[in-house]
Structure formats: C-alpha cells, structure tokens
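Worksheet: one structure, shown below.
Below, all heavy atoms of this structure are taken into account, side chains as well, without hydrogens, waters or symmetry copies.
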Amino acid sequence: MVFASNAAPQLAAVALLLLAAASAVQSIGVNYGTLGDNLPPPAQVAQFLKDKTTIDRVKIFDANPDILRAFANSGILVAVTVPNDQIPALINPKAARRWVSANIKPFYPDTHINYLIVGNEVLHWGPQILIDNLVAAMKALHKALHMEGMNEIAVTTAHSLAILEPSDFPSLARFRAGWDVGVLAPMLDFHRHTRTPFMVNPYPYFMYSPEKADMALFRPNKGLLDKHTRRTYGNLFDFLMDSVYVSMKKLGYGDVAISVGETGWASQGEVFEQPKCSVANAAAYNGALVKHFNSGRGTPLMPRKKFETYIFALFNENQKPGSLAEKNLGLFRPDFTPVYDVGIMRDAAGAGAAPTKDIPIGIGKKWCVCNSDASEAVLQSNINYACSQGIDCKSIQAGGACFTPNTLKAHASYAMNAYFHAQGLIPRSCDFAGTGVVISTDPSTPACKYVA
C-alpha cells in the first residue's frame, strides 16, 4: 500500500513529462482543409503524413470525427477548431462541457489533440456577437476540458493580422483601437494564466509587390532598418511576427508565447494574380519558411525563439470559394504528389519543378513539353519559373528563333524543356505541378531547335 501511494504521483509525473515531450515543437505542422470533392480519405492522409513526411501536427477547421478517428495512435498532434457560429452558445458552462464531451472526449487521448481553437479569425470576420463572446467561450471551454480531465489540451483562437494597425516598422505596431483593450487584453491575460499561446496567421503573401518580392520570399536583399530599435529585417515574416510581439508588449503581455496558425503561398493564380502566384514563389516561400523554422534563429526582437508553425495548406482544394489562388495553396495534390519540394519528405526527394534527387531518364532522346490541360496562367507561371533558374530564354522573346509560334503553350514548352535538360533529365524536373510531360518525339521546327 505504501509503495502504491508513493508510486502514483511519480507515475503521474512521468506521464506528464511524456505528454510534454510529445507536444514539443519538433517539426512543422500543416492545415488540413477539406473543401474538395477529390480529396483522399482521412485514414490515407494520416498514414501518408506518418510514413512519408516529417509533418508531426495538423490543424483542422472543425471537429470532424472521421479525421479524429483516422489520426488515433498516429503520433501526429491534431488541433481541433470550434466553428465560429457555435461560439455564442459556448459561453454557457453546461453547453461548453456538452460540446467537449461530444466532440473531444470520445477521441482523446488515442488521438493526441493538442489544441482546441475557438473560432478562426473571429475579430476579422465578425459579426460583433462572436467578438463579444469569444473570450468568455474560451474560458468556458478551458474549464470544461479540465472538468473532463483533459488538462493538456490548450485553448486558443487564431487571428488574422487585421488585428494590427498599419505601421511602417515593427516598433510602431499596435493592436487596433477598440480590440486592444476590449478584447485582446483580457484574451492575453487568459493566455498568461493558462500558459497557452497567442495564435496568429502572418501572411507575407498578402503584402507582396514586385518591390517587396525579395523580402516576402526570404530572398537576399538589403533589408529594412527599423530606426527605432536599430534592428534590420531581411524578410517580411519576421517583420510581421515582431509587429505582433511589440503590440502584445505594449499591452503588458510580452511574456505570452506566440504560435503561427497559418502561413503559406499560392502556386497558381488568375492572370490578375500574377506574378505573385507561381510554383516558384510558393516553393521559395514555404521552403525558406521550413529552413527558417528548423534553424531556430527566431526574429530580431525574439532571437532563438522557435514558433510552432502550421503551413496553409496540406492539399489543393478545388471547392474553396474565391479565385484560382485560393484553390492552389496546398503542398500536395489530392493524389499525394507534391506540388513542389519544401524539404518535408522523409526521402528528401520532394517533387515539383525543382527536384534535388532522382534518377535521370535514359535510353533515347527525351523532351519536356506542357500538356494540353494547362491554363494560360499556369503556362506563364512555368515560363517565369524556368527562365528564373538560369535558363536562356532569349529564343522565345520577340525576334528570337523560337518566338514563333507566339503562343504561351509553345513558349512554355521550350522553356520547360530547357530547364528539364539543365537539370539532367530528372523526371521530376518535368513535373511543373502536373502540367509537364516527357515525350520521345522531337518538338523542334526548322526554325526553332529544342535542347536535346
């Protein structure tokens, strides 16, 4: 009896340490959206992420029971979201406990749920009744989780950066008047007392302009000096994160942790969304983001901080409302092939337009051309990418030997083939987000000779 009495707290302590270790930020996460009619079943998704990628956590936008069952015993953390319209009812403690009992308890701990996210970008989208009830619902759900014995699940909510006033430097950042004291201060106080992170969705993507392209995409640039702190910013991600931190600090909550609920880049877009949306830009941003995360460097004002980060999104989703860009934010196509390589595949081979490892095609001459299904926006994106990778594209410019026929399809095929050969005929270098095809018939014309 004495042994059992002494062992119980020791075992409990060990269990808590194991849970803490499992929850530690080891790898990058991803948002798992389901707005598509061609997406694979959740069980296949869980198996794929576990076996083929280094992704160790996902965030979903509801409490989908099929997804929660599929991720049981997978070792992958799952962040569950309370839909926005359910927030007002959940300020009632009994309603909050019923919600937790129905949507979380049946799956936990077999499914390692690490977050209960109360709504998504509520302050941005409203309406006011949701904003007014948000903090109260968070508190009620936190209490309900504790009453059900699920103390390890953290409660937070995800914010767009519309919560910030516009500012030229992070040092001048502050939360929007009205939301700062009325909503965000009590919310940050909740996070401080529950030791949970303030979750934000920083998107350099939305700040893109040709002049800011290098900073948006983590490319080399002269940097932006914040004259008030004497800190230099080499990328917009750090700029946005420090803007959030400064805003929190101005309210007296600089000690509260920050996590990244969403960030990403579209690999395709409408004509009016060019040149921002491309495979090259998406690969550059998300690939550099993963490296930035893995480096643990942090930001100029938060050095050596490693922020828990969820890329948006896992799949391209063909039923998402909005433009073509909204449907093409995924790292993967529905058949699990990568749209591009960001360094999260376990075999380190990746895929897309810029592979790092593969076996060259042998026996006979081969050419890479675009398939007949590619849209004009995608063809232009392929040209932009290939020609930005050191390929000589003068031949498809006005006056060049391959300018005629003056069509995007002909110009894209020439550029894609030149890139394919420059990469040593690696099959994946002719992928171009599924729009390239390898052929054995020479597409050259008397006037225009393709690289062979």
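- When atom types are taken as modelled, the side chain of Asn384 and the backbone of Pro275 share no donor-acceptor pair closer than 3.5 angstrom.
- Residues Val290 and Ile311 have side chains in contact (heavy-atom distance under 4.5 Å, counting atoms from C-beta outward).
- Heavy-atom neighbours of Lys394 NZ from other residues, nucleotides or ligands within 6.0 Å: at or below the threshold of 12.
- How far OG1 of Thr111 is from CZ of Phe71: 9.0 Å, rounded to the nearest 0.5 Å.
- Closest of all the heavy-atom pairs between Pro170 and Ser243 is CA-OG, 3.5 Å.
- Side-chain atoms of Thr404 and Asn406 include no donor-acceptor pair closer than 3.5 Å.
- For Phe206 and Tyr203, the gap between ring centers is short of 6.0 Å.
- Side chain of Asn417 to main chain of Val369: no donor-acceptor pair is present (N/O by atom type, distance under 3.5 Å, no hydrogens or angles).
- Between Phe307 and Phe293, the ring centre distance reaches or exceeds 6.0 Å.
- Using a 4.0 Å cut-off between charged side-chain N and carboxylate O, Arg176 and Glu165 make a salt bridge.
- In terms of heavy atoms, Val58 sits closest to Leu49 at CG1-CD1, 3.6 Å.
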**Test side chain to side chain donor-acceptor pair (under 3.5 Å) applied to Asp242 and Thr299, step by step** = CA-CA 7 Å; Asp242 275 355; Thr299 71; 2.5 Å; yes
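- Aromatic ring pairs are classed by plane angle as parallel below 30°, tilted from 30° to 60° and perpendicular above 60°; the pair Tyr285 and Trp265 is tilted.
- Taking the centre and axis of the six-membered ring of Tyr32, the NZ or CZ atom of Lys59 falls outside the cone set by 45° and 6.0 Å.
- A donor-acceptor pair under 3.5 Å is absent between the side-chain atoms of Ser413 and the main chain of Ala410, judged by distance alone.
- With no hydrogens or angles considered, a side-chain donor-acceptor pair links His124 and Ser160 at under 3.5 Å.
- Leu68 contributes atom CG, which lies 8.5 Å from atom CG of Asn103 (distance to the nearest 0.5 angstrom).
- With Thr157 contributing its side chain and Ile117 its backbone, the two residues share no donor-acceptor pair below 3.5 Å.
- Nearest heavy-atom pair, Ala415 versus Ala386, reported as atom, atom and distance to 0.1 Å: O-CB, 3.6 Å.
- The backbone N or O of Tyr450 sits less than 3.5 Å from a side-chain atom of Ser444, completing a donor-acceptor pair.
- Note that the CG atom of Asp56 and the NZ atom of Lys50 stand 13.0 Å from one another [nearest 0.5 Å].
- At a threshold of 4.5 Å between non-hydrogen side-chain atoms, the residues Met138 and Val155 count as touching.
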Would Asn201 and Thr263 count as a side chain to side chain donor-acceptor pair (under 3.5 Å) if you check the C-alpha gap in whole Å, the side-chain angles of each, and the deciding distance to 0.1 Å?
CA-CA 6 Å; Asn201 299 341; Thr263 189; over 6 Å; no
task = Walk me through it: do Asn286 and Tyr340 pass the test side chain to side chain donor-acceptor pair (under 3.5 Å)?
result = CA-CA 10 Å; Asn286 285 323; Tyr340 46 84; 2.9 Å; yes
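- Closest heavy-atom contact between Asn382 and Met416: ND2-SD, 3.7 Å.
- Looking only at distances, no side-chain donor or acceptor of Asn114 sits under 3.5 Å from a matching main-chain atom of Leu77.
- Residues Phe272 and Ser323 are in side-chain contact: their nearest non-hydrogen atoms beyond the backbone lie under 4.5 Å apart.
- Ser247 contributes a side-chain N or O that, together with a main-chain N or O of Arg174, makes up a donor-acceptor pair within less than 3.5 Å.
- Proximity of the aromatic rings of Phe432 and Tyr419 is defined here by a centroid distance below 6.0 angstrom, and this criterion is met.
- Annotation: the span from Glu273 atom CD to Asn328 atom CG amounts to 9.5 Å, rounded to 0.5 Å.
- Remark: side-chain polar atoms of Thr81 are paired, donor with acceptor, to backbone N or O of Ile60 under 3.5 angstrom.
- Put simply, the side chain of Asn38 never gets that close to the backbone of Gly36: no donor and acceptor are under 3.5 Å apart.
- Between the CG atom of Asn294 and the CD1 atom of Ile344 there is a distance of 11.0 Å, given to the nearest 0.5 Å.
- Side-chain atoms of Val78 and His112, non-hydrogen and from C-beta on, never get closer than 4.5 Å to each other.
- Glu308 and Arg57 are joined by a salt bridge, as a carboxylate oxygen and a charged side-chain nitrogen come within less than 4.0 angstrom of each other.
- The line from CG of Leu236 to CE of Met241 is 13.5 Å long, rounded to the nearest 0.5 Å.
- The aromatic rings of His292 and Phe218 lie tilted to each other, with the angle between the two planes from 30° to 60°.
- Aromatic ring centres of Tyr253 and Phe198 lie farther apart than the 6.0 Å criterion allows.
- Counting heavy atoms from C-beta on, the side chains of Val45 and Ile67 never come closer than 4.5 Å.
- Around the CD atom of Glu270, the shell of radius 6.0 Å holds more than 12 heavy atoms that belong to other residues, nucleotides or ligands.
- Considering only heavy atoms from C-beta on, Val82 comes within 4.5 Å of Trp99 through its side chain.
- By the 4.0 Å N-to-carboxylate-O rule, Arg333 lies close enough to Asp431 to be salt-bridged with it.
- The two residues Ala313 and Val30 have their closest heavy-atom pair at C-CG2, 3.6 Å.
- Heavy atoms from other residues, nucleotides or ligands lying under 6.0 Å from NZ of Lys320 number more than 12.
- In terms of heavy-atom proximity, Pro197 sits nearest to Tyr115 at CG-OH, 3.2 Å.
- Contact of the Pro40 side chain with the Phe336 side chain is registered, since non-hydrogen atoms from C-beta on lie closer than 4.5 Å.
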Q.
Checking Asn84 against Asn120 for the side chain to side chain donor-acceptor pair (under 3.5 Å) test, could you report, in this order, the C-alpha distance in whole Å, the side-chain angles of both residues, the deciding distance, and whether it holds?
A. CA-CA 7 Å; Asn84 288 15; Asn120 184 54; over 6 Å; no
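- Listed for the Thr53 side chain is a donor-acceptor partner under 3.5 Å among the backbone atoms of Ile55.
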* **CA sep, side-chain torsions, deciding dist, call: Ile104, Ile113, side chain to side chain contact (heavy atoms under 4.5 Å, CB included)** => CA-CA 8 Å; Ile104 303 296; Ile113 299 168; 3.9 Å; yes
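- Two residues are said to be in side-chain contact when any heavy atoms from C-beta on lie closer than 4.5 Å; Leu161 and Val244 meet this criterion.
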